Structures are given as structure tokens and as C-alpha cells.
Amino acid sequence: MNHLEREIAALPLLDASPDLDDRISAVLSDPVPATRSGALRSSAMVTIAAVCLLAGVFVGYAGAELRDFEGFTGRSQSAPGTTTAVALATSEQESPLLVAHLQDQRFDACQRCHQSDRNMVGQLDQLRKSARAGAALWERETGDTFLVLCHSEKYGFSRSLEKGVRYRKCEAPFGPFRFSVPDPVFPANPKS
Amino acid sequence: VSAAVRRTGHDVREQLEEIYRRDRRALFTLAMCITQKRSLAEDAVHNAFLKLCRTRRRPSGDLRNYVFAAVRHAAIDLKKQNRGEIATDVALFEALPATSLGSDSPAEALERQERQALLMQAIESLDPASREAVLLKTHAGLTFEAIAEITGDRQSTVATRYRRALEKLEYQLRDKT
């Protein structure tokens, strides 16, 4: 290494915010995804392909509507001893999709889709204080309890998402988060 | 078999944690070189680790190089997705601390700091590929072979690019001091 190289190496590189450490730490501490043996994986893939093909044939006409369905589950937790809560939305494979800090300034705005849900409106007002832009509201497929998901490109907040329950998107604006969520074939909308 | 693979997954995560702890600044700066936006650079590092943790197969080859390559790809993807956004954060270095004299005289200390500031400016004005090569070589301590693996270029191309970048930096420093 010559003198100039040593000089360059001594320059202080820009540091990322501590928020990135939290995000990476959440990613690394998430459970390792379940694995399958090669033979089992092949057979599972064949089965999935067959099911997808059959589903495509049966519900083909409703394709556009089905694209509004995306499934995921979630959980939330509070960091002990702090006022910062972390919400993790997880896929059905339990891998993290979102990590969000409630007091993070990068939250998107939340839209008030269903004003009759007083409890949620309160939550929305609280979130709106740190809002920026865009939002998505989700409703439960089978019930009248509406659930809200505020999201930005990579940060998000989900309120009382329940494991094993599929949610339906009911408000259109949706950004790059869409790319993070698998778009499986779900049964037709029971309400329609 | 599943338990063994799961164990491998844990091992990989431990290695990823170690790589992040050691190279976080270099990884972040690499993403900054490409996105030129702090928030996107952080997202790129996050996305890369998310992808690495989700994958069920252990990456082949050197995991550290693989992580750098993953961050680089994630940054390129984000840059493409946010093409309309104007680059706002072009700085790659922290502000220099107040001049510390040490064993130098005040004049020497001031001169040293001026040279450092000029060097920072000169690096930031390099073309993205050269900037990337310089930072990966000097700050991450990677070999030309590793940089070539990360960027997908030939090793000789990386070496030439790096050498020319150093020449350019030397010339700029000579010219301004």
C-alpha cells in the first residue's frame, strides 16, 4: 500500500444510522426458514405447480380480482425498557417482511377508510403525526374488523395482524412493498 | 438432514453478523456510491441481508464477497426503482474532526486537514466504478480478484481502473496543493 492508499484508508467513511443496525439485527435474529430435502422439495414443487395450474384453470376469469389478495401474517413487539415498539410483518414462512419503529419519521400517512372503527381511527391519528405519504388498509376476509397496514417502501406498521388469517387489501395505493409479498392464488373473495 | 441444514443456516447467520459488524461502513458506502441517497443505501443493505437470510442454500465461494455483491445488486435495483429521484447525498465521508495538533505544528496540522478534505472531494468526484474500486480496495481491503467477483468485471479491468483512479487523485492533489 503506497502513501496515497494509506491516506485514503484513513479517511472516515460515512456511517449508516443506528436504525440500520436495528433492522439488520431483526433480520438476523429471525428464525431460519424451514428446509426440505432435495427429493421432498422437488415433489413439493411439482405439487405446487399442479395446484397452481388447476387453480388457474378454475378461477382464471377472476384473475384480476384475485390479484387484490395477498396473504401474510404478523406479530408486533415492544423493545423492553424503551418507548420504541417494533412491528414485524412476516410472511407465511415466518421470514421478516417489514421492520418498523413506531416513532420513526419515515412512516407513511394512514388513510381513514373505515371511520366507524373508532379504535382504529385513534390509532391512525396517532400514526399520522409521524406520517409522510401513502398507505394501505386491509380488511379481514371473513369479518367486519378492519385492519390497517401503514407502509413505506421498506418500513411498515401492522396493527393486530393475526397469524393464520388472510387479509385482503382494500385500499389501492401500494408501493414497492408489493414486490416483497408473494402473490399466491387464494380462494375467491367470499364477499363478492 | 433438515436439522443439519438448519444448523448451516445458523452458521451462515453468525458469519453474516460478523461481516456486518466488521464491514458495515464499507457496505453502506458501497451502496451510497451507487444510490447517492442515504435512505436508499440503508434499504439496499437491509434488502441484501434480508435476501441472504431467506435463502435456503449456502452461498458458494467467499461469503464476504457474496455479501458485498448482494448489497451492490440491491443498491442497483433500488437505484433503478427510484430513477426519478434526485441524488441528494453525494458525500461518502464523515466531516473531518477539528484539527488535532498531535506532534505537528499548527500549520502542518492545517495543511494535513486541507489535503484530507481535497482527497475526499477528489474521491467523490470520481466516476462511480472507479470510486467503487478505490473504496473496496482501500477501505474494505479487498483484492482485485474479490472486487472483480463483486462487480462482475475482469480482474485486469478492475486493476487498471483502480490504478488510473489513484493517478487521477494524485494529479488532483498535486494540482490543488
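Atoms considered below: every heavy atom in the structure, side chains included; atoms not considered: hydrogens, waters and symmetry mates. What you see is a predicted model; the values in this text were computed from it and never measured. Below, chains carry the letters A, B, ... as their sequence lines are ordered, and counting in each starts from 1.
For B:L166, the parts sitting under 4.5 Å from any heavy atom of chain A are the backbone and the side chain alike.
Residues A:I24 and B:H46 come closest through the heavy atom pair CD1-CA, 3.8 Å. Nearest heavy atoms, A:P12 versus B:M120: CD-CE, 3.7 Å. When every heavy atom of A:I8 is checked against every heavy atom of B:H139, the shortest pair comes out as O-NE2, 2.8 Å.
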query: Taking it one step at a time, do A:E7 and B:T138 satisfy side-chain contact (heavy atoms from CB on, under 4.5 Å)?
result: CA-CA 9 Å; A:E7 273 187 285; B:T138 56; over 6 Å; no
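Residue A:L20 holds its CG atom at 3.5 Å from OH of B:Y20, rounded to the nearest 0.5 Å.
By the side chain to side chain donor-acceptor pair (under 3.5 Å) test, B:Q116 is found to be paired with no residue, residues two or more places apart in sequence or in another chain being considered. Applying the salt bridge (Lys or Arg N to Asp or Glu O under 4.0 Å) rule to B:R164 yields no partners; only residues at least two apart in sequence or on another chain are considered. The side chain to side chain contact (heavy atoms under 4.5 Å, CB included) check on B:Q155 picks up B:F144, B:E145, B:A148, with sequence neighbours excluded.
A heavy-atom distance below 4.5 Å is found between the side chains of B:L119 and A:L4. At least one side-chain heavy atom of B:R38 sits less than 4.5 Å from a side-chain heavy atom of A:L14.
Side chain of B:E17 to backbone of A:L28: no donor-acceptor contact under 3.5 angstrom is found.
Contact residues of residues 21-31 of chain B toward chain A are B:R24, B:R25, B:A26, B:F28, B:T29 (heavy-atom distance under 4.5 Å).
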